[in-house]
Amino acid sequence: MIDWRQGAVIYQVYPRSFQDSDADGVGDLPGITRRLSHIASLGVDAVWISPFFASPMADMGYDVADFCAVDPLFGSMADFEALLAEAHRLGLKILIDQLTSHSSDQHPWFIESRASRSNARADWYVWADPKPDGTAPNNWLSVFGGPAWEWDGVRRQYYMHSFLRQQPQLNFHCPAVQDAMLDVMRFWLDKGVDGFRLDAVNHMFHDAMLRNNPAIAPTGAADVPETNPYGLQDHRFDKSRPEVVGFLQRVRALLERYPGRIAIGEVGDGDRSPDTVRHYTLGNARLHACYTFDLFGPQFSSPHIRKVFAAFGEAATGGKVCWAFSNHDVMRHVSRWGMPDDPPDALAKLAIALLAALPGAICLYQGDELGLPEAELAFEDLRDPYGIRFWPAFKGRDGARTPMPWEAHGEAQATNAGFSQGRPWLPVPEAHRARAVDAQETVEASVLHACRAALALRQKTIALRTGDIAFLDAPADCLAFTRGNGAILCLFNMGRAACTVSIPPAEMLHTSHAAVQTADALLLPPLGFAILAAQPALP
Ligand code: BGC
């Protein structure tokens, strides 16, 4: 049996929007527990649950006021324990979302830290004096708009926040902060969680000399929309500092005391992401893998995938990258990459098959298995402060966060597609109702069934889980690669014209609509794909 961490298949749950069980319009932990059988039915190994910790919810739970408590909105600690037990009974691992770089401004640590310059936690956050003219200490920017500094009248200093001002940056240069964070992780490991997704892990340290970031021309990297001036800086001083690795080694040393656990770091670092990821995952004493943003951009083509793999080098081929096409922070890929004339569902099915064929860990976002498009929301519906701030040039992240549609029939209208008896915190789009889980269950050709087939193939095919990857040249916009020393051939037509690949007949393991095999060729329609058991030689 292989170690579950090799080539793991992860499913991301955004708890606010998965399943409500108490009619308050917000998803919760008992709701997730109720739906774990759906997740297990997909054939995944693990579930990553976005934050459910005590929080004022300024950033929908990514602003944590107590790292070791469940927010009552989501349930109780007993509810989490029940979720964990049920997941384990179903053979699913549970990964929690460990905030590392910041807390909420309502966290007792910050309340104490801001009270004076001399209290026991005075240096637990990043405090700095103003410049002589009263302005912020340097030019660092917040990802969510405006300067990364907020004035505090009591301390008469600025504090740093890479995200919202309600998310003050922890000072990891302070050893006590590192120890406190490791204590939090120990708390959850003792509870039985199987690992962590470390949020914004490269933001943990800042340059102690507070040097200004240099300007750069926008790189078009997928982690920051073009409308955001954050993309005009080279973030060499406010993030991805060399000290991060030292802390990651401490995290790994802790995890090694709990067999079979995993740590995956989220790294958004513009053009530097591949280097940062290699650095954070080198050898066996740092992170197991890093989750990157590199396939979250608008580019959808065979050359782009090859370019990304080439940039990540041995981190990608060695299984140290966790790939995803969508999550709660980006536009859903069906809308991002889709074109009006695409055959129905073809892109959603191709994306899942492609993800399932990649080396490393892979991560599906809730609703990927239904082929959900991005929700179109009115400004009045928005809840994401990032979107509210940048509207209308950038609509924020709510379009990817609307509730899961479970039911299309029966009481579906009254229960908001089976999500909640109450008014959902974000509306359920009409277009999503028709794609509900129960509607797709009964249709053999649905995205849901194609998803199960693709993941089942990955799970039973060692070459797809752990084998090497070798890219092959193929015609037009066809992405071609083999896995496991040529044991499996994977062909994805990422273009909108049919493409013909000259290969001898081979056993078809998983395929799209209308792929046609002849004696010496395979014809793939637009967005068609084929995964074959073969050792063919492409021309
Ligand atoms: C999370 C975001 C969050 C940010 C700040 C991220 O990368 O995925 O949803 O807003 O960290 O915590």
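Counting starts at 1 for both ligands and their atoms, following the listed order.
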TODO: Please report the closest heavy-atom contact between S273 and D294, naming both atoms and the distance.
DONE: CB-OD1, 3.7 Å

- [ ] Give the contacting part of Q12 toward ligand 1: side chain, backbone, both or neither, where contact means a heavy-atom distance below 4.0 Å.
- [x] neither

Open item on the list: I'd like to check which ligand 1 atoms, numbered from 1 as shown, lie under 4.0 Å from a non-hydrogen atom of E266.
Closed with: 6 (C), 7 (O), 8 (O)

- [ ] Can you pull out the closest protein heavy atom to atom 1 (C) of ligand 1? Residue, atom name and distance to 0.1 Å, please.
- [x] D199 OD1, 3.2 Å

TODO: Compute the minimum heavy-atom distance from R397 to ligand 1 and say whether it is under 4.0 Å.
DONE: yes

Open item on the list: Residue-level breakdown please: for H203 versus ligand 1, do any non-hydrogen atoms fall below 4.0 Å on the side chain, on the backbone, on both, or on neither?
Closed with: neither

TODO: Fit a plane to each ring of F67 and W109, take the angle between them on a 0 to 90° scale, and name the class: parallel (under 30°), tilted (30 to 60°) or perpendicular (over 60°).
DONE: tilted

TODO: Please determine if D329 and R401 form a salt bridge, counting it only when a charged side-chain N lies under 4.0 Å from a carboxylate O.
DONE: yes

- [ ] Not counting sequence neighbours, which residues clear salt bridge (Lys or Arg N to Asp or Glu O under 4.0 Å) with D199? List them please.
- [x] R197

- [ ] Look at the aromatic rings of W149 and W140 and report parallel, tilted or perpendicular, splitting at 30° and 60°.
- [x] parallel

TODO: Distance to 0.1 Å, residue and atom name: give those for the protein heavy atom nearest to atom 3 (C) of ligand 1.
DONE: D59 OD2, 3.3 Å

Task: R401: numbered ligand 1 atoms lying under 4.0 Å from its heavy atoms - done: 9 (O)

Open item on the list: For atom 2 (C) of ligand 1, which of the options V267, D384, D329 provides the nearest non-hydrogen atom?
Closed with: D329

TODO: Please work out which of the three classes, parallel, tilted or perpendicular, describes the rings of Y291 and W48, given edges at 30° and 60°.
DONE: perpendicular

- [ ] For Q178 and P175, indicate whether the former's side chain and the latter's backbone hold a donor-acceptor pair under 3.5 Å.
- [x] no

TODO: For ligand 1, note which part of F144 has a heavy atom under 4.0 Å away: side chain, backbone, both or neither.
DONE: side chain

TODO: For residues 312-326, pull every pair meeting side chain to side chain donor-acceptor pair (under 3.5 Å), keeping only residues two or more places apart or in separate chains.
DONE: S326-H333

- [ ] Below 4.0 angstrom from a heavy atom of R197, which ligand 1 atoms are there? Numbered from 1 as shown, please.
- [x] 8 (O)

- [ ] List every atom of ligand 1 that sits less than 4.0 Å from any heavy atom of H102, numbering the atoms from 1 in the order shown and giving each element.
- [x] 5 (C), 12 (O)

